[in-house]
Amino acid sequence: MLERFPPWGFPAGWFAIRPSRQLVPKQVEPVRYFGRDMVLYRTAGGSAHLVDRVCPHLGASLALGRVCGENLVCGMHGFEFSGEGRCVKLAYGTRPPPMARLTSYPVHEVNGFIFGHFSQDGASPTWKIEPLDWEGWTPLRHQRLEFASQPQETTENSVDIGHFNSVHHYTASVEQDPSLDAEKLKSAYRVVRPWFGRRLPRWHFEVQFRVLAHGLGYSLVHASVERSPISIRYLINAIPIDGERMHLHIAAAVRTLGVPGLNRLLREAVLFGLRRDVSQDIPFWESKHFLEKPLLADGDGPIAIYRRWSRQFYATVPSRRRPSEVESGRALGNWSSESSSA
């Protein structure tokens, strides 16, 4: 029987829970990811935390709780929990039960998003997403999509060169072979896009894309439009809701230009284009099956390299390994220095 998704469970890594601006101090929000009911909250001091939703006392939902200072308080009996999940105080004034503890997930707030770390085997994070310098860029514009797929499938699109022509009607080519460095995969490709669809092929523009996938939940894409000052940042963050559905957070920012009013208009246009492309991909993501041994052909792009790299994020995958250096192709020149400083 064909599998809809990779059969190894949920991948480990950092995954975007919410944009930072959507969680204000003292807010408590129920969320469901990785098949688990959780609570995301922000303390009075501004720290974000992610914990399991069920109070270990008598099973009340912490989604009905409140924030008191730096702690989360169960609304039913007043049990008070620290951000690390330890019960530190009771409304009764008595000693907390020694085993009263919530499962707490590491949180990393960076680049406009609140990321939570998940691992099926309970392993602690060994890396973090690199912060970007946003000086000279517009604020991110964000949208969230929900559909039936899994993060490995959506992240694979950045190396699936063959689908660009068939699905999006672009002419695409690999600019530089992928390089792997532990949890990072870097790739670069170029596309020729028609301005007005396929009917006027002479009216086109070229875009160079440089992609950094840091795990299967976070992708940074830098796009440069040839013969123009337009420079774009896309953040594409995938997170599984359960074994069937996922959220995909897409966000865009543009390097500011010296024309009043143009920056916002340009940002809206590039986000619209990204949303259009993703919408064209969704029917294929929702209907395809995962083939562990696909019949790859010349022109597909470096899918095999990506597949080998992605296996490291599963706790139960056979022959699990973690690439520690560039495995294939050339290093991508000054890509890393430019994107990490931007």
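Keep in mind the model is a prediction, meaning the values are calculated, not measured.
- Sorted by first and then second residue, the ring-ring contact (aromatic ring centres under 6.0 Å, His included) pairs involving residues 80-112 (not counting sequence neighbours) are Trp14-His108.
- Under 3.5 Å, the side chains of Tyr189 and Gln176 contain no donor-acceptor pair of N or O atoms.
- Val270 pairs by the side-chain contact (heavy atoms from CB on, under 4.5 Å) definition with Ile232, Tyr234, Ala252, Val254, Leu266, not counting sequence neighbours.
- Inter-residue side-chain proximity for Asn165 and Tyr170 is flagged as unmet; no heavy-atom pair is nearer than 4.5 Å.
- Cluster membership for Leu50 and Leu64, using ILVMFWY side-chain heavy atoms within less than 4.5 angstrom, is not shared.
- Ring-plane geometry between His57 and Phe79 is classed as parallel, the angle between the planes falling under 30 degrees on a 0 to 90 degree scale with a further cut at 60.
- Rounded to the nearest 0.5 angstrom, Ile114 CD1 and Gln22 CD are separated by 8.5 Å.
- Residues Val39 and Val107 fall into different hydrophobic clusters, defined by Ile, Leu, Val, Met, Phe, Trp and Tyr side chains chained together at heavy-atom separations under 4.5 Å.
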For residues 214-221, which side-chain N or O atoms pair as donor and acceptor with protein atoms under 3.5 Å away, sequence neighbours left out?
from	atom 1	to	atom 2	distance (Å)
Tyr218	OH	Asn111	ND2	3.2

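- Counting only N and O atoms by type, the side chains of His168 and Asp281 include a donor and acceptor under 3.5 Å apart.
- For the atom pair CD (Glu153) and CG (Asp160), the distance works out to 10.0 Å, reported to the nearest 0.5 Å.
- Interatomic distance, Arg267 CZ to Thr256 OG1, rounded to the nearest 0.5 Å: 12.0 Å.
- Taken together through direct or relayed side-chain contacts under 4.5 Å among Ile, Leu, Val, Met, Phe, Trp and Tyr, Phe118 and Ile239 form part of one hydrophobic cluster.
- The shortest side-chain heavy-atom distance between Leu257 and Asn263 falls under the 4.5 Å cut-off.
- Under the 4.5 Å side-chain heavy-atom criterion for grouping Ile, Leu, Val, Met, Phe, Trp and Tyr, Phe34 is not connected to Leu62 through any hydrophobic cluster.
- Residues Thr171 and Phe164 have side chains not in contact (no heavy-atom distance under 4.5 Å, counting atoms from C-beta outward).
- A salt bridge links Glu156 with Arg307: the closest approach of a Lys/Arg side-chain nitrogen to an acidic carboxylate oxygen falls below 4.0 angstrom.
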